[in-house]
Amino acid sequence: MPELPEIAHAKKFADKALLNKKVRKISFGAAKPLQAAQKKFKEIFEDQTFTETQQLGKYLFAKSDSNKWLVLHFGMSGKLDFSAQPKLPKHAIITFHFKDDTHFSFVCPRKFGKVWIADSVEKFQKEHELGPDALSISKKEFLDLMEKQSAGVKSVLMDQHKIAGIGNVYTDEILFQSHIHPKKKVSNLSKTELNSIHRNITKVLKKATQLIDEGEKSPDNWLKSHRDEGDACPNCKGKIKMIKIGGRSTYFCEGCQKL
DNA sequence: ATGCGTGTTGACTA
DNA sequence: ATAGTCAACACGCA
């Protein structure tokens with residue numbers, strides 16, 4: 001589920017399913033994702049009410065009346081669930097039960113996700129050395145940041161310490177729409193190319209969020225709809241290539257994306 | 001049935 | 001500084 005657009009959608013889901021309801025009880029599943037003791041979660045969030053959510057990149061925050069924040073990172077397989085069924089979803093890591101017997105769960109089959117308790121979003125961001133949210137970064141900030149980078153452009157865009165929120169799939173999409181090869185060194189990018197990347201970060205992430213909210217799939221002219229080696233490039237009809245960058249499957253079009 | 005490769009995450013090692 | 005490995009599970013395919 002887990003890049004900025006998916007988390008933005010999850011935030012809206014949490015606004016409806018979690019906020020402004022008194023938490024009567026909390027239950028737990030696998031322990032690995034929990035970054036504090038079960039007892040702590042109970043002490044801080046039971047008999048309290050969540051009143052607001054925030055997002056920073058791939059992280060979702062929910063503030064409780066106890067003045068502490070619940071922080072969720074979705075890993076590769078995290079999702080939110082809300083239901084009135086007595087049976088909890090499979091792989092529920094932490095579940096908040098309400099008075100009317102409904103419950104809200106953070107579900108994470110592969111257990112790469114994490115759940116923290118934090119004092120504030122700002123403090124969490126600082127402690128975890130997270131960069132600015134990909135949708136809040138201005139063109140000037142972006143250009144200043146990129147000026148200091150020398151690595152390949154995909155690696156830089158995916159680095160959460162530099163910009164928070166862009167993952168494997170949307171990095172490929174942003175570079176595809178910017179007509180830039182994922183291995184091109186940031187130091188070799190022209191001003192025009194940097195501007196194009198910044199514009200496409202905003203464009204792709206906003207559009208993707210809107211599509212997810214509406215339950216629509218990605219447009220056919222997006223690379224995201226063609227993440228398959230040998231598939232036809234929606235631009236030039238050439239063959240989509242797959243290479244590995246930092247261990248991640250990277251899809252791109254050799255014809256459209258030049259080094 | 002059985003086993004293998006793959007994948008939207010990040011942290012760590014060399 | 002970049003590449004490789006790992007973590008844990010579901011799924012598709014041979």
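Numbers restart at 1 for each chain; the letters A, B, ... are given by sequence-line order, proteins then strands.
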Margin query: Taking 4.0 Å as the cut-off, does a side-chain nitrogen or oxygen of A:Lys114 come that near to OP1 or OP2 on B:dA11?
Written below: no

Notebook entry, point to check: Looking at A:Ile7, A:Asp133, A:Leu130, A:Leu72, which hits side-chain contact (heavy atoms from CB on, under 4.5 Å) with A:Tyr59?
Noted result: A:Leu130

Note to self: What is the separation between atom CG on A:Leu60 and atom P on B:dT9, rounded to the nearest whole Å?
What the structure shows: 17 Å

Next item on the list: Would you state whether a donor and an acceptor, one from the side chain of A:Arg227 and one from the base of B:dG7, lie under 3.5 Å apart?
Entry: no

Next item on the list: With sequence neighbours left out, write down each residue that passes side-chain contact (heavy atoms from CB on, under 4.5 Å) with A:Glu43, or none if nothing qualifies.
Entry: A:Lys39, A:Lys40

Notebook entry, point to check: Nearest of B:dG10, B:dG7, B:dT8 to any side-chain atom of A:Tyr251?
Noted result: B:dG7

Next item on the list: Hey, can you tell me if A:Phe74 and A:Phe106 have their rings parallel, tilted or perpendicular (30° and 60° cut-offs)?
Entry: perpendicular

Check: Considering heavy-atom distances to DNA chain C, does A:Arg248 or A:Ile245 have its closest nucleotide positioned more toward the 5' end?
Finding: A:Ile245

Next item on the list: Provide, to the nearest angstrom, the distance between the CD atom belonging to A:Gln35 and the P atom belonging to B:dG10.
Entry: 14 Å

Can you list, pair by pair, the side-chain donor-acceptor contacts under 3.5 Å of residues 232-249 of chain A, counting residues two or more places apart and other chains?
residue	atom	partner	partner atom	Å
A:Lys244	NZ	A:Ser249	OG	3.1

Note to self: Can you check the distance between C:dC6 and B:dC4, where both ends of the measurement are the P atom (answer in whole Å)?
What the structure shows: 15 Å

Item checked: Spacing between A:Lys58 atom NZ and B:dT9 atom P, to the nearest angstrom -> 4 Å

Notebook entry, point to check: P atom, C:dA8 versus B:dT2: distance in rounded Å?
Noted result: 23 Å

Next item on the list: Remember a base hit wins even if backbone is also touched, and classify A:Lys183 as base, sugar-phosphate or nothing at under 4.0 Å, heavy atoms.
Entry: nothing

Next item on the list: Pick base, sugar-phosphate or nothing for A:Ala30, based on heavy-atom distances below 4.0 Å to the nucleic acid.
Entry: nothing

Next item on the list: Would you list the pairs meeting salt bridge (charged side-chain N to carboxylate O under 4.0 Å, His left out) in which at least one residue belongs to residues 207-228 of chain A, sequence neighbours left out?
Entry: A:Lys12-A:Asp213, A:Asp172-A:Arg227

Next item on the list: Scan A:Ser150 against the nucleic acid and name what it touches under 4.0 Å (heavy atoms): base, sugar-phosphate only, or nothing.
Entry: nothing

Check: In terms of ring plane angle, is the pair A:His128 and A:Phe124 parallel, tilted or perpendicular, where the classes change at 30° and 60°?
Finding: parallel

Checklist line | N-O pairing of A:Asp101 and A:Arg24 below 4.0 Å | finding: yes

Margin query: Using heavy-atom distances to pick each residue's nearest nucleotide on DNA chain C, tell me which of A:Lys32 and A:Lys244 is more 5'.
Written below: A:Lys244

Item checked: Watson-Crick and G-U pairing of DNA chain B written in dot-bracket, each distance under 3.5 angstrom, with | for inter-strand partners -> .||||||.||||||

Checklist line | N/O (side chain, A:His73) to phosphate O (OP1/OP2, B:dG10) under 4.0 Å | finding: yes

Checklist line | Spacing of A:Met76 atom CE relative to B:dT6 atom C1', expressed in whole Å | finding: 9 Å

Note to self: Under 4.0 Å, counting only non-hydrogen atoms across every strand here, what does A:Gly247 touch: a base, just sugar-phosphate, or nothing?
What the structure shows: nothing

Next item on the list: Shoot me the first and last contacting nucleotide of DNA chain C against chain A, ordered 5' to 3', at under 4.0 angstrom to non-hydrogen atoms.
Entry: C:dT2 to C:dA10

Next item on the list: Nearest whole angstrom, please: distance from the C1' of B:dA11 to the CZ of A:Arg110.
Entry: 15 Å

Check: Expressed in angstrom and rounded to an integer, what is the separation of A:His91 atom NE2 from B:dT9 atom C1'?
Finding: 17 Å

Item checked: All side-chain hydrogen bond (donor to acceptor under 3.5 Å, both in side chains) counterparts of A:Ser138, not counting sequence neighbours -> A:Glu141

Check: Have A:Thr53 and A:Lys11 got a donor and an acceptor in their side chains that come within less than 3.5 Å?
Finding: yes

Next item on the list: Over 60° means perpendicular and under 30° means parallel, so classify the ring planes of A:Phe96 and A:Phe50, tilted if in between.
Entry: perpendicular

Notebook entry, point to check: A:Asp159 CG to B:dA11 P: how many Å, rounded?
Noted result: 10 Å

Next item on the list: Write down the distance between CZ (A:Phe112) and P (B:dG10), rounded to a whole number of angstrom.
Entry: 12 Å

